[in-house]
Amino acid sequence: MSAMTHEPGEADEAAETLRYEQERQERIDRRNAASWKAVGVVIAAALALLAYDSGSAALTAHRDGRPWLYPACVSTACTLLILALLTYALWHRRRGSA
């Protein structure tokens, strides 16, 4: 017998190990996808809150005759980031990776 021969049980064990690793990787991928979705929701909510608060501050400052450009720019930037996040989410979903 040569040194390269394998027992039949070794092939079954290797296939079982490979299957286990593939299932483990699938679970990890599903968990990571769920985590990224949760992170996206939290980021969108934080940006929406900041956009609302900055917009309100800009309107109040404008009404009171104080400088209002900075909070207006922050509000606009947050709104644009929310739109970018939504665009990315839709692109990702249409691509079939969601």
Side-chain angles (χ1 to χ4, degrees):
M1 276 195 143
S2 75
M4 295 301 289
T5 58
H6 297 289
E7 296 294 323
E10 289 178 14
D12 292 341
E13 186 177 319
E16 180 68 24
T17 302
L18 181 61
R19 185 185 62 77
Y20 173 76
E21 286 298 321
Q22 288 172 342
E23 289 174 357
R24 181 173 173 265
Q25 188 61 45
E26 288 173 5
R27 286 192 306 271
I28 290 170
D29 291 343
R30 282 194 307 269
R31 185 178 57 232
N32 286 346
S35 296
W36 279 113
K37 287 176 186 175
V39 166
V41 168
V42 169
I43 289 173
L47 286 170
L49 178 64
L50 186 57
Y52 173 77
D53 188 47
S54 295
S56 176
L59 288 174
T60 303
H62 184 63
R63 240 183 274 129
D64 295 343
R66 294 182 287 128
W68 54 272
L69 189 59
Y70 178 75
C73 288
V74 170
S75 181
T76 303
C78 289
T79 303
L80 291 174
L81 286 171
I82 291 170
L83 289 174
L85 187 62
L86 288 173
T87 302
Y88 177 76
L90 288 174
W91 173 78
H92 206 274
R93 176 168 286 226
R94 285 189 180 163
R95 205 179 82 197
S97 301

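Please read these numbers as outputs of a predicted model, since none were measured by experiment.
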How far apart are the closest heavy atoms of A58 and A72, and which atoms are they?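 In terms of heavy atoms, the two residues are closest at CB-N, 3.6 Å.
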Is the backbone of E13 close enough, under 3.5 Å, to the side chain of T17 for a donor and an acceptor to pair up by distance?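 Between the backbone of E13 and the side chain of T17 there is a qualifying donor-acceptor contact (under 3.5 Å).
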Please test L81 against L85 for side-chain contact (heavy atoms from CB on, under 4.5 Å), starting from the C-alpha separation and ending with a verdict. CA-CA 6 Å; L81 286 171; L85 187 62; over 6 Å; no
Should V39 and I82 be regarded as members of a common hydrophobic cluster, given that ILVMFWY residues are connected when their side-chain heavy atoms come within less than 4.5 Å of each other, either directly or indirectly?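 Looking at the clustering, I82 is in the same group as V39.
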Shared hydrophobic cluster, L50 / I43 (ILVMFWY, side-chain heavy atoms < 4.5 Å):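 No, L50 and I43 fall in different hydrophobic clusters.
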Atom CG of L18 and atom CD of E23: how far apart are they, to the nearest 0.5 Å?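 One finds 10.0 Å between CG of L18 and CD of E23.
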Hey, could you give me the CZ/CD distance between R30 and Q25, rounded to the nearest 0.5 Å?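 Between R30 CZ and Q25 CD, I get 11.0 Å after rounding to 0.5 Å.
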Please list all pairs meeting side chain to side chain donor-acceptor pair (under 3.5 Å) that have one or both residues in residues 48-63, counting only residues at least two apart or in different chains.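 Side chain to side chain donor-acceptor pair (under 3.5 Å) check on residues 48-63 returns H62-W68.
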ring-ring contact (aromatic ring centres under 6.0 Å, His included) with W36: which residues, sequence neighbours excluded?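 Residues passing ring-ring contact (aromatic ring centres under 6.0 Å, His included) with W36: none at all.
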Using side-chain contact (heavy atoms from CB on, under 4.5 Å), reason through R24 and R27 one step at a time and then give a plain yes or no. CA-CA 5 Å; R24 181 173 173 265; R27 286 192 306 271; 3.7 Å; yes
To which residues is W91 joined in a hydrophobic cluster, defined by side-chain heavy-atom contacts under 4.5 Å among Ile, Leu, Val, Met, Phe, Trp and Tyr, whether direct or through other members?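 Members other than W91 - counting any ILVMFWY side chain reachable under 4.5 Å - are Y88.
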